[in-house]
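In what follows, residues are counted from 1 in the order of the sequence shown. What you are looking at is a predicted structure, and each value in this text was computed from that prediction instead of being measured.
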Amino acid sequence: MTDQPQTPPGGNSVGEVDQEVQAELTRLRQSIDNIDAAVVHMLAERFKATQQVGRLKARHKLPPADPGRERQQIERLRGLASEAHLDPVFAEKFLNFIIAEVIRHHEAIARS
């Protein structure tokens, strides 16, 4: 065994990254960061709309959850995910997480 750094097949020592590769990683990561920011802003807009729905439901004594609507949305989102080449199971899990949060907000609005 030697104390020399290991050199992978690309010729760079472990821990070193070619400048072109690093530039590409940086560019891709900036794109990911922009997409993440857009997702956060879109979620904020979505929750503004669902808060309005929650207030309307509370005023008219409607239940916080609407299982029929939720099933329709999940089915719709699974279809959109398939068309976009995104795993529909992942899309459903993501929407279920959002739905649970929306219901929690609606319940809080109904109590206030």
Side-chain angles (χ1 to χ4, degrees):
M1 189 156 145
T2 68
D3 291 338
Q4 299 296 319
Q6 299 295 315
T7 303
N12 295 326
S13 296
V14 174
E16 292 180 19
V17 179
D18 181 271
Q19 287 183 347
E20 289 180 29
V21 172
Q22 188 60 51
E24 183 70 2
L25 278 172
T26 299
R27 184 188 68 74
L28 291 168
R29 288 174 175 163
Q30 286 173 342
S31 180
I32 291 166
D33 292 349
N34 289 339
I35 293 166
D36 287 346
V39 167
V40 167
H41 287 284
M42 294 297 293
L43 284 171
E45 288 301 311
R46 189 186 196 288
F47 277 97
K48 286 177 191 174
T50 61
Q51 292 290 332
Q52 293 175 12
V53 169
R55 287 190 290 275
L56 183 63
K57 284 180 171 185
R59 272 197 310 275
H60 295 279
K61 308 281 191 254
L62 296 171
D66 184 344
R69 165 76 173 157
E70 293 159 20
R71 279 191 302 277
Q72 288 174 343
Q73 284 297 92
I74 289 168
E75 184 177 318
R76 180 177 158 273
L77 193 68
R78 285 182 64 95
L80 290 171
S82 290
E83 291 171 12
H85 306 288
L86 178 68
D87 180 3
V89 173
F90 168 77
E92 183 173 345
K93 287 178 186 177
F94 182 71
L95 187 58
N96 280 328
F97 176 78
I98 292 171
I99 289 169
E101 188 67 10
V102 168
I103 291 169
R104 190 180 70 77
H105 290 179
H106 288 186
E107 290 169 344
I109 290 168
R111 286 191 302 271
S112 63

Peer 1: Has Glu92 got a side-chain atom pairing as donor or acceptor with Pro88's backbone, closer than 3.5 angstrom?
Peer 2: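 The answer is no, because no donor-acceptor pair under 3.5 Å joins these two groups.
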
Peer 1: If you count the non-hydrogen atoms of other residues, nucleotides and ligands that lie under 6.0 Å from CZ in Arg76, is the total more than 12?
Peer 2: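 At most 12 heavy atoms, drawn from other residues, nucleotides or ligands, come within 6.0 Å of this atom.
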
Peer 1: Enumerate the residue pairs fulfilling ring pair (Phe, Tyr, Trp, His ring centres under 6.0 Å) with a member in residues 63-101, sequence neighbours excluded, ordered by first and then second residue.
Peer 2: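 Not a single pair qualifies under ring pair (Phe, Tyr, Trp, His ring centres under 6.0 Å).
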
Peer 1: What verdict does the side-chain contact (heavy atoms from CB on, under 4.5 Å) test give for Val102 and Val53, after you've listed the backbone C-alpha separation in whole Å, the side-chain angles of each residue and the deciding distance to 0.1 Å?
Peer 2: CA-CA 10 Å; Val102 168; Val53 169; over 6 Å; no

Peer 1: Under 4.5 Å between any side-chain heavy atoms of Arg69 and Gln73, yes or no?
Peer 2: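 A side-chain contact under 4.5 Å exists here.
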
Peer 1: For the side chain of Lys57 and the backbone of Leu62, is there at least one donor-acceptor N/O pair under 3.5 Å apart?
Peer 2: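 No.
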
Peer 1: Check the pair Arg46, Thr50 against side-chain contact (heavy atoms from CB on, under 4.5 Å), reporting the backbone distance first and the verdict last.
Peer 2: CA-CA 6 Å; Arg46 189 186 196 288; Thr50 61; 3.5 Å; yes

Peer 1: Nearest 0.5 Å please: distance from the NE2 atom of His106 over to the CD atom of Gln51.
Peer 2: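 The NE2 atom of His106 sits 6.5 Å away from the CD atom of Gln51.
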
Peer 1: Might you point out which heavy atoms bring Leu43 and Ile98 nearest each other, and give the distance in Å?
Peer 2: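 Where Leu43 meets Ile98 most closely, the heavy atoms are CD2-CD1, 3.7 Å.
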
Peer 1: When rounded to the nearest 0.5 angstrom, what is the spacing between NZ in Lys93 and CG in Leu77?
Peer 2: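 Atom-to-atom, Lys93:NZ and Leu77:CG are 14.0 Å apart.
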
Peer 1: With sequence neighbours left out, what residues match Phe47 under ring pair (Phe, Tyr, Trp, His ring centres under 6.0 Å)?
Peer 2: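 Result, ring pair (Phe, Tyr, Trp, His ring centres under 6.0 Å) vs Phe47: His105.
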
Peer 1: Between Glu75 and Arg78, is there a side-chain N and carboxylate O pair less than 4.0 Å apart?
Peer 2: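 Looking at Glu75 and Arg78, the cut-off is not met.
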
Peer 1: State, to 0.1 Å, how close Ala81 and Ala91 come at their nearest heavy-atom pair, and which atoms those are.
Peer 2: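 Taking every non-hydrogen atom into account, CB-CB, 3.6 Å.
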
Peer 1: Does Arg104 pair with Glu107 as a salt bridge, N-O distance under 4.0 Å?
Peer 2: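 So Arg104 does not pair with Glu107 through a salt bridge.
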
Peer 1: How close do Ile109 and Ala58 get, counting heavy atoms only, and between which atoms?
Peer 2: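 Heavy atoms only, the tightest pair is CG2-CB, 3.9 Å.
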
Peer 1: Could you grab the distance from atom CG of Asn34 to atom CZ of Arg29, nearest 0.5 Å is fine?
Peer 2: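 Here the interatomic distance stands at 14.5 Å.
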
